[in-house]
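Presented below is the structure to which this report refers.
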2 protein chains.
Amino acid sequence: MTITDVASHAQVSTTAVSKVLRNAYGVSPAMRDRVRAAIDELGYRPQAAARAMRGRTFTIGVLLPHIRNPFFPDIVDGMTEQVADAGYQVIMVQGGGATPTAERRAIEALVDRQVDGILMIAPLASRTQLEEVAATTPTVVLGRHERSAVYDSVLDDDEAGTELAVGHLIALGHRRIAHIAQKDGSRSRPAALLHAIRARTYERVMTEHGLADHIAVAATSYTEEGGHRGTRQLLAATPRPTAIFAGADMAAFGALAALHEAGLRVPADVSVAGYDNTSMAALAHISLTSVDQDGAIMGRTAGRLLLERVEGRASSVRFVVTPTLVPRASTAPPP
Amino acid sequence: MTITDVASHAQVSTTAVSKVLRNAYGVSPAMRDRVRAAIDELGYRPQAAARAMRGRTFTIGVLLPHIRNPFFPDIVDGMTEQVADAGYQVIMVQGGGATPTAERRAIEALVDRQVDGILMIAPLASRTQLEEVAATTPTVVLGRHERSAVYDSVLDDDEAGTELAVGHLIALGHRRIAHIAQKDGSRSRPAALLHAIRARTYERVMTEHGLADHIAVAATSYTEEGGHRGTRQLLAATPRPTAIFAGADMAAFGALAALHEAGLRVPADVSVAGYDNTSMAALAHISLTSVDQDGAIMGRTAGRLLLERVEGRASSVRFVVTPTLVPRASTAPPP
DNA sequence: ACCGGGATGGGTAACGTTACCCACAACAAC
DNA sequence: GTTGTTGTGGGTAACGTTACCCATCCCGGT
């Protein structure tokens, strides 16, 4: 079932069919209808691979660190909503999270498949690597703060978000506030990555409030397991922290588990705050104070920017959303 | 950067390069080394689209109902682990969950991209539709109980799992046990889908224990929102149920939220059990009794079966995992 | 009657890779 | 010496689609 079959069935040339498929110029309404009818009748569907050889694949690739984080679906759904109408399909690949090698392979997989645009969520790769990809394929990077002339950026103001969270804990009277950060395996360790910003801002805010001596960071990862391990490290200190600011809700969940195992009550003994305001954080049994960033808008914007780039825009755009604090029951004044 | 460039750089034919790339027969070790060197030197990467025109794409497509359910990552990770060594890349598409139209589009997207194999997780499509796809592309269906000669099945013994959960509640002394099920939008409504099995088995177990009069089902969806809405429906009955068996952990989380809002304590007033034993269920603050099924093994097996089919196996395989019950603090004797 | 130009449709050469064949050399068996 | 056989390498025609170009036709203006 190829374009040739459709052409002979509709008594037109393959060129005509191709034009109809692409809404190209030079087709009379009569022919369009005839071709459309033939396509429906035969149930024809164009092969993406053959299209890729000459033109577009109508595919947007999304690189996710992993699909465990409940914040990513918001982004992906926003993206899908935005590009579906234009006939684009969203495909996702997992980047393997902590190891830059796995991420690199995932990005290459998207490039090899000639997707028309790539959204990379918090990639670990060096800026040079990202720009190499962006030189070939329209690219939007989400969650990194550096500016680039070749790709667009969509990000949350992580400084503001961190200030909100840490400021909230300080306002409650906490002084020994610890932080759970993500340690990535990359040698280059781009300082512009969101977790680096959050960690740095945590230290800055602590210092500005005269709490530099109480800075304590467990560099594990933004996962449940990382939060668990990080909390155990932090609890080993004497005196132990009275509050923990986790760089992501997932890590905060792990922190809650570790605190419970240690026999500590939240928030009576230790307060916990997260970041991302995932739906799980709102559950009554968890009720996690968290920083909210609008993932759906970020996803939609990323989609729009990619479509613009596919259509030819060359200038670089930077879109920043402002986070808000959602205080819940996991934070309270220190004991 | 094409195969021709590599060929001329290595002073061999394109055929030779192609053979090396595919590990095909008819290459001397000397030539293989020479070609490999040229490939590395030039940083050549084969274009998936061009390969797809003649041969394989080395891509496995995974259809997910959505990426919000924390059980799916286990499956995807198992799959990835299994096929990565063979050089395959896993790409994921979202099926839109409740609407068969969105799912159909997602499946078509995978077929159009000529993936070498497809894993469909709990698809809603009719068996006929699935078999049409499977006739063209090696297919593994996860979470459906019907037998097919053209695709392989990987599933959890949902009858056994449901018996464990409902039996556990009955053994605790509950009689008014309600169920939260998934209502799919399909007209055909395949009875072999996992949620249909769970609902049917729930009714059977209740009946077998003489509790037919206490059967109460809220047909919403296996999501947090569905669990929330379903629970509100169930609580409207008088007398209200003393236990809720949600067909999935996600729905159980929604149930916990709704119960909390209604001022009911878990498990003192109402017990709650889920299915999937997601990592969230284990959190101390939630401590949800749940049915565990090994997603990693299911994913690995699905990967193995797909690779076998790509290699030519035509017979049909069915792989069933046996679930276990993980009792936690969300279930207790009725008040 | 002639010309110009817009609208419409088609012919055809790519795109990068692989499957299928064939060619040749080296060597063993008769 | 002839005949297979095996190992090794290359030539080439596809695969399905689109971009580019060219051929008509029709209409209005001179």
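A note on names: the letters A, B, ... follow the listed sequences, proteins ahead of strands, and every chain is numbered from 1.
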(request) Apply side chain to side chain donor-acceptor pair (under 3.5 Å) to Thr59(B) and Arg113(A), showing your working. (result) CA-CA 10 Å; Thr59(B) 309; Arg113(A) 278 155 193 78; 2.7 Å; yes

(request) Verify side chain to side chain donor-acceptor pair (under 3.5 Å) between Arg68(A) and Thr223(A), making sure each step is shown before the conclusion. (result) CA-CA 8 Å; Arg68(A) 284 211 143 69; Thr223(A) 61; over 6 Å; no

(message) Quick one, Ser28(B) with Arg32(B), criterion side chain to side chain donor-acceptor pair (under 3.5 Å). Give me CA distance, side-chain angles, the key distance, then yes/no.
(response) CA-CA 6 Å; Ser28(B) 65; Arg32(B) 173 163 44 246; over 6 Å; no

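For the pair Asn23(B) CG and dA19(C) C1', the computed distance is 16 Å after rounding to whole Å. In this structure, Leu21(B) places its CG atom 15 Å from C1' of dA19(C), rounding to the nearest Å. Residue Arg113(A) contributes atom CZ, which lies 17 Å from atom P of dG16(C) at whole-angstrom precision. Nucleotide dT18(C) holds its C1' atom 5 Å from the CZ atom of Arg22(B), rounded to whole Å. One can place CE of Met1(B) at 13 Å from C1' of dG16(C), the figure rounded to the nearest angstrom. Between Arg51(A) atom CZ and dA14(C) atom C1' the separation is 18 Å, expressed in whole Å.
Atom CZ of Arg147(A) sits in a sparse spot, with 12 or fewer heavy atoms from other residues, nucleotides or ligands closer than 6.0 Å.
By the side chain to side chain donor-acceptor pair (under 3.5 Å) test, Thr139(A) pairs with no residue at all, sequence neighbours left out. Looking at residues two or more places apart in sequence or on another chain, you find a salt bridge (charged side-chain N to carboxylate O under 4.0 Å, His left out) between Glu131(A) and Arg127(A). Residues satisfying the salt bridge (charged side-chain N to carboxylate O under 4.0 Å, His left out) test with Arg309(A), not counting sequence neighbours, are Asp152(A).
Within the structure, a side-chain polar atom (N or O) of Ser18(A) is placed less than 4.0 Å from OP1 or OP2 of dT18(D). Residue Arg54(A) places no side-chain N or O under 4.0 Å from the OP1 or OP2 atom of dA19(D).
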What side-chain donor-acceptor pairs closer than 3.5 Å can you find for residues 34-45 of chain A, not counting sequence neighbours?
| residue | atom | partner | partner atom | Å |
| --- | --- | --- | --- | --- |
| Arg34(A) | NH1 | Ala10(A) | O | 2.9 |
| Arg45(A) | NE | Asp112(B) | OD1 | 3.0 |
| Arg45(A) | NE | Asp112(B) | OD2 | 3.2 |
| Arg45(A) | NH1 | Glu108(B) | OE1 | 3.0 |
| Arg45(A) | NH2 | Asp112(B) | OD2 | 2.4 |

(message) Generate the contact string for nucleotides 4-12 of chain C. Rules: B means base contact, S means sugar-phosphate contact only, - means no protein heavy atom under 4.0 Å.
(response) ---SBBBBB

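Residues from residues 38-48 of chain A that place a heavy atom under 4.0 Å from any atom of DNA chain D, listed by number: Tyr44(A), Pro46(A), Gln47(A).
Distance from the side chain of Met53(B) is smallest for dG16(D) among the nucleotides dT17(D), dG16(D), dT18(C).
Between Glu311(A) and Arg56(A) there is a salt bridge, with a side-chain nitrogen of the basic residue lying less than 4.0 Å from a carboxylate oxygen of the acidic one.
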